[in-house]
Every structure is written in structure tokens, then in C-alpha cells.
Protein chains: 2
Amino acid sequence: MTKSTPRWLEPDELAAWLANSAIMISLPAALDARMQRESGMTFFEYMVLSVLSEEPERTMRMSDLAGRTAASLSRLSHVAGRLEARGLLTRARVPGSGRRTNATLTEAGYAEVVAAAPGHVAAVREYLIDDLDRDDLKALRRIGSAVEAAIKRSPAL
Amino acid sequence: MTKSTPRWLEPDELAAWLANSAIMISLPAALDARMQRESGMTFFEYMVLSVLSEEPERTMRMSDLAGRTAASLSRLSHVAGRLEARGLLTRARVPGSGRRTNATLTEAGYAEVVAAAPGHVAAVREYLIDDLDRDDLKALRRIGSAVEAAIKRSPAL
DNA sequence: CCCCTCTTGTTGACGCATCAAGTTCGAGCG
DNA sequence: CGCTCGAACTTGATGCGTCAACAAGAGGGG
């Protein structure tokens, strides 16, 4: 409690923050709802399958997959369990390498990604990309990187 | 299924989209975790209390509150129930006005917001605002507005 | 007047995320 | 060798969000 009174947000900062809320809150909700409706899978499930689909052998270590999808290992494990039950991927321990596990996309899983991809891209365009000009795209890139860095910078506390 | 092959994302669009994922996924998670740790409440709960605290009489209709927090009425109702159980707000039907209900912040609720606010602002600065220059702030504002508009534009489907 | 329907909320079931434990394996080291 | 440590998952309990169903006024025709 040695903190002094905080620097409150100034008007333009506040406006930016409020605008950001739309991106942070409404966008994921909208994308999720649409994926669910059109492809019967979660936005996050799509991410997992999609990342796998672009990997050589369509295979990836659970840890790496978690990193790539910005998820906790626990979350990924639960999701992988469900996807495995649905026959969209398989898991296999990598022998002689500690507790490492590889996830591999099945044919059925690949087919699902391929089927879902167009709708996904369309949604991303419709809700975000197509409304932005080249400068906005660049800015978004910078902002995203900054956020990523800032979060990584404060792992514990 | 009359769709032709979709316009895939071009490199700079893809980069922007990936960067956006950090904002959409990691940022809310980070803010949520921190609010939980430092103030024992959800990010969303904070929003609700905070919005109420700035209202005259610290009172607002449930519907309006839902709109302001970008939540479904159902979600808000659940949360309001919990907050009410914790003594942070009260609900009361508005007599003679259909089924309208007003939510009002209690003293205890107000005290919680006040206590949580500095940490909240600090987090918002640390994870987002303080890393951005004036142009980025403006861009963020434009992008947020665009997203909001795009989502409103596609209510059904 | 009575029914119809619209608005506004609430509720319950279900699914997913999170958090804290537990499990299993490899490695380092004494 | 045997022990402990840490890395890499998995699992189970708990809590929140969503979706669909319901409830309860208020108009508004007919």
C-alpha cells in the first residue's frame, strides 16, 4: 500500500481504452458465436486444428501447441481430450523423451479445418480486416506486439 | 454453399490478424487474472460496478447496464445475482413500468470499486496504454469503432 | 374486455476455463 | 545406484457464460 494516487486515464487514453473494449469483448464473442453456428466448433478449437494443419506431419508437441494458441497446458489438454473423442486428432507419447506428447491431426480433423476455414476467414474479414486501411493494419500490428511484450514482461506478481 | 473460394488473408492482413489475437486473447486473460488476484473480483464484475458508480444515484436499468457492459441480459442477471448476494448492489423493480428493474450500487459496492480502481488503471496502463504513442491511440480508437460497427451491422444470420 | 404479442428479466442445464493436485518421466548428483 | 528435482502433461472440482425456456407486466387491436 505504498502506492501514491494513480495516474488516471486522460480523455484520449480513455477513448482508446473504451474502443479497445470492443475488440477485447465483442469481437471474440462474435467470432465464437459464428464459428459455433457455422462449423459447430469453438473458435479456440478451430485455432488448435488450424495450427496443427499447417505443421509438417500435422503434428506438434502439446506444449508448443499451447504456446502457439496462447493457452494454458491444462486448457489445451481438456480441449485435446474432447477433440480426440470426436476423432479429430490423436495423441501419442514421444518415447524416450520425458513426458512429451505429440498431437496429430487425423484425416477427419483435417477435413473439418478445411471445411471451416472459408467461414472463418470471411468472419475475420467482415468483423475486422476489411474495415481497416493499410495504416490501420500496421498500427494494429504494432499494438498487438506491444501488448504481447507487455504481458510477457509481467509473468509473476 | 454457393460460395466461391474465399479471399484468403494477404501477408500484411495475416500479420495484423495474428497481432490482434494477442489483444483479443491474452489481454483479457491477463487483466482478468490480475483483477482476480488483486481485488478478488472479475474484470466483468468490475466493469459493472464501475459503470454503476458513475451514474447519478449509482443506479441504472438492467437493460442499459447490459448494453454499457456489452453483455447479454442473461449474463448480467447472473452476475447481478452474485453481486447482490455479496451485498455490493441491490435490485428493485420499477413500479408501473413493465418488468423494468433498477440495479443500485450499495455503499459496500462503492467502496469496492474505489479500492479496485487504482489497480485496474495501473493494469490497463501497463498492458496497453503506456506502450502506445498518440498515433497508436488514435488508430486503436478507429479500429475499435470499426469493429463495433461491423458487429452491429450483422446482428442475425 | 380479452387475447396477442412485445418487452424485460430470471432461471436451469450444460459446456468450457481455471486452478490446484496429482502423475510420470528424465536428469543431475552425491 | 538411489534420491530428489523439475519438466510435461492430466485430472477433478468449482465457477462463470450461454442458450433456451419461462415469467410477468403493458399495450393494442378486434
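On a predicted model such as this, the values are computed, not experimentally measured, just so you know. Lettering of chains follows the sequences in order, A, B, ..., and the numbering in each one begins at 1.
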What is the separation between atom [atom1] on [X] and atom [atom2] on [N], rounded to the nearest whole Å?
X        : N       : atom1 : atom2 : value
Phe43(B) : dC16(D) : CZ    : C1'   : 16 Å
Arg37(B) : dT18(C) : CZ    : P     : 14 Å
Gln36(B) : dT14(D) : CD    : P     : 16 Å
Arg82(A) : dT11(D) : CZ    : P     : 13 Å
Asp32(B) : dA17(C) : CG    : P     : 14 Å

So for [X] and [N], does any side-chain atom that can act as donor or acceptor lie under 3.5 Å from a complementary atom in the base?
X         : N       : result
His78(B)  : dT10(C) : no
Arg99(B)  : dA23(D) : yes
Ser77(A)  : dC9(D)  : no
Thr42(B)  : dC16(D) : no
Thr101(B) : dT10(C) : no

message: Using a heavy-atom cut-off of 4.0 Å across all strands, would you classify Gly81(A) as base, sugar-phosphate, or nothing?
response: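 It contacts nothing in the nucleic acid.
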
- prompt: Would Met60(A) and Asn102(A) satisfy side-chain contact (heavy atoms from CB on, under 4.5 Å), going step by step from the backbone distance to the final call?
  reply: CA-CA 5 Å; Met60(A) 207 171 181; Asn102(A) 275 340; 6.0 Å; no

Mutual orientation of the aromatic rings belonging to Tyr46(A) and His120(A) [parallel < 30°, tilted 30-60°, perpendicular > 60°]: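 If you compare the ring of Tyr46(A) with that of His120(A), the planes turn out tilted.
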
query: At under 4.0 Å, does any side-chain N or O of Arg75(A) touch on OP1 or OP2 of dC16(C)?
result: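 So the side-chain polar atoms of Arg75(A) never come under 4.0 Å of the phosphate oxygens OP1 or OP2 of dC16(C).
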
- request: For the pair Glu126(B) and Arg153(A), evaluate salt bridge (Lys or Arg N to Asp or Glu O under 4.0 Å) and give the outcome as yes or no after the intermediate values.
  value: CA-CA 10 Å; Glu126(B) 180 179 336; Arg153(A) 204 183 302 137; over 6 Å; no

